[in-house]
Amino acid sequence: MRALLFDTTRCVGCGSCMVACRESNGLPETDAPDLTENQFTVLKTVPGNDGDVTYRRLCMHCQDPTCASVCPVGALKKTPNGPVVYEPEICLGCRYCIQACPFGVPRYEWSSLAPRVRKCTFCADRLAAGKINACAEACPTGATQAGEREELLKEARARLAAEPEKYVQKIYGEHDAGGTSVLMLSSVPFTQLGLPDNLPAEPLPLLTFRVLSKIPTLAGAGSCVLAGLWWLTNRKAEVAKAEGRAPRKGERR
């Protein structure tokens, strides 16, 4: 499975990844400060110990994506090659995927008469043609590197071991939310990069399934409780009628 490895310590903020993404996807020029329906990746900066730290925002392409799991028509799906792809022709526009994404990535074309959900495509067409992601190909410093996920994980572990004082000792995306196809190394805490640090190692759709699987049992138990209360109320009313007295509060007449 293909993946990307982004290393904040190697990023110089040149913007080559943004330009390559825009050209590869036929997007208009924009200077938006965050992701939009026309900007699939963006560079941001935060203060670091030795100056500003530049990082990228883009779809993380989860191994088991929540966006795909909540889509009622299968407009989003994870492909074996790595990308989470979107089929606008079958999209209902429910926007459940936008609400479900733990990284707050998908955007909606609110101003369009035929709106679509928009996000990084992971250059699915380029990968299918045997090429690498446009952003990785354009990066002059190797801050964004493309390759097989397992090989990139080995590379990331080697960097952490070789220079432990340089990095936060974690590969973001290795296990977070069940793992992602975009892996990150950072010299500052990942929360400073806007990434959630409270995601479980299990895929989020699995947790959702566990909750949903309990609903029939809970519904059945609830029905039994309500039926029991109904019977008890009616039984009290019958007893009261037999005793020739008015039903007390909570007893049916």
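What's counted below: heavy atoms across the whole structure, side chains too, no hydrogens, waters or symmetry copies. The first residue of the sequence shown is numbered 1, and numbering continues consecutively from there. Predicted, not measured: the structure shown is a model, and the values here were computed from it.
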Within a reach of under 6.0 Å around CG of Asp50, are more than 12 heavy atoms found that belong to other residues, nucleotides or ligands?
no
In short, Ala146 meets Asn133 closest at the heavy-atom pair CB-OD1, 3.7 Å
Using 0.5 Å steps for rounding, measure from the CZ atom of Arg149 to the CD atom of Glu151.
12.5 Å
Could you walk me through whether Asp176 and Lys170 satisfy the salt bridge (charged side-chain N to carboxylate O under 4.0 Å, His left out) test, starting with their C-alpha distance in whole Å, then the side-chain angles of each, then the deciding distance to 0.1 Å, before giving a yes or no?
CA-CA 11 Å; Asp176 303 88; Lys170 172 184 171 72; 3.1 Å; yes
Note: Ser112 and Pro115 closest approach over all heavy atoms is O-CD, 3.5 Å
Applying side-chain contact (heavy atoms from CB on, under 4.5 Å), run through Leu35 and Phe40 and close with a yes or a no.
CA-CA 6 Å; Leu35 300 176; Phe40 295 169; 5.8 Å; no
For the student: nearest non-hydrogen atoms of Leu127 and Pro83, plus distance:
CD1-CG, 3.8 Å
Give a yes or no on this: more than 12 heavy atoms of other residues, nucleotides or ligands lie within 6.0 Å of atom CD of Gln169.
yes
Please report the interatomic distance CG(Leu195) to CZ(Phe103), rounded to the nearest 0.5 Å.
6.5 Å
Does Gln39 reach the side chain of Arg118, with side-chain heavy atoms less than 4.5 Å apart?
no
Member of Ser181, Cys67, Pro106, Cys120 meeting the side-chain contact (heavy atoms from CB on, under 4.5 Å) criterion with Val84:
Cys67
Less than 4.5 Å apart, side chain to side chain, heavy atoms only: is that true for Cys21 and Asn25?
yes
Between the side chains of Arg107 and Thr36, does any donor sit under 3.5 Å from an acceptor?
no
Do Cys94 and Pro72 have side chains that approach each other closer than 4.5 Å (heavy atoms only, starting at C-beta)?
yes
Is Leu183 close to Leu4 at the side-chain level, that is, under 4.5 Å between some pair of heavy atoms?
no
Decide side-chain contact (heavy atoms from CB on, under 4.5 Å) for Met1 and Asn81; before the verdict, give the C-alpha distance in whole Å, the side-chain angles of both, and the deciding distance to 0.1 Å.
CA-CA 5 Å; Met1 181 176 289; Asn81 208 23; over 6 Å; no
Could you go step by step and tell me if Arg126 and Ser24 meet the side-chain contact (heavy atoms from CB on, under 4.5 Å) rule?
CA-CA 9 Å; Arg126 289 176 59 90; Ser24 179; 3.7 Å; yes
Rounded distance (nearest 0.5 Å) linking atom CE of Met18 with atom CG of Asp31
9.0 Å
Electrostatic pair Asp64-Lys78, nearest N-O below 4.0 angstrom
no
Count I, L, V, M, F, W, Y as connected when their side-chain heavy atoms are under 4.5 Å apart, and connections chain through other members. Are Ile98 and Leu204 then in the same cluster?
no
With heavy-atom distances below 4.5 Å as the criterion, would you say the side chains of Val85 and Leu76 are in contact?
no
Pair Arg116 + Glu87: basic N to acidic O under 4.0 Å
no
Flag yes if more than 12 heavy atoms outside Lys166 fall under 6.0 Å of its NZ atom; otherwise flag no.
yes
Can you find a side-chain donor-acceptor pair between Thr144 and Arg56 that sits under 3.5 Å?
yes
Which heavy atom of Pro33 sits nearest a heavy atom of Val42, and at what distance?
O-CG2, 3.8 Å
Do Asn38 and Arg22 make a side-chain contact, defined as non-hydrogen atoms from C-beta onward lying under 4.5 Å apart?
no
CG (Asp125) with more than 12 external heavy atoms under 6.0 Å
no
I'd like to know if the side chain of Tyr86 and the backbone of Val117 have a donor-acceptor N/O pair within less than 3.5 Å.
yes
Checking side-chain contact (heavy atoms from CB on, under 4.5 Å) for the pair Leu160/Ile171: CA distance, chi angles, key distance, verdict?
CA-CA 9 Å; Leu160 294 182; Ile171 307 170; 3.8 Å; yes
Indicate, with yes or no, if Leu199 and Phe6 share a hydrophobic cluster defined by side-chain heavy-atom contacts under 4.5 Å among Ile, Leu, Val, Met, Phe, Trp and Tyr.
yes
Could you state whether Val105 and Phe122 fall into the same hydrophobic cluster, counting links through intermediate Ile, Leu, Val, Met, Phe, Trp or Tyr residues with side-chain heavy atoms under 4.5 angstrom apart?
yes
Measuring from atom CE of Met60 to atom OG1 of Thr180, what distance do you get when rounded to the nearest 0.5 angstrom?
4.0 Å
For the student: nearest non-hydrogen atoms of Cys71 and Gly74, plus distance
SG-N, 3.4 Å
Side chains of Ile132 and Arg2: closer than 4.5 Å at any heavy-atom pair?
yes
Side chains of Val12 and Thr54: does their closest heavy-atom pair fall under 4.5 Å?
no
The reported gap from CZ in Arg159 to CZ in Arg10 (rounded to nearest 0.5 angstrom) is 3.5 Å
Do the ring planes of Phe190 and Tyr172 sit parallel (below 30°), tilted (30 to 60°) or perpendicular (above 60°)?
tilted
Greater than 12 external heavy atoms within 6.0 Å of Tyr108's OH
yes
Side-chain donor-acceptor contact under 3.5 Å, Tyr167 with Thr9
yes
Separation between OH (Tyr55) and CG (Leu43), nearest 0.5 Å, reads 10.0 Å
Nearest heavy-atom neighbours spanning Cys59 and Lys119
SG-NZ, 3.5 Å
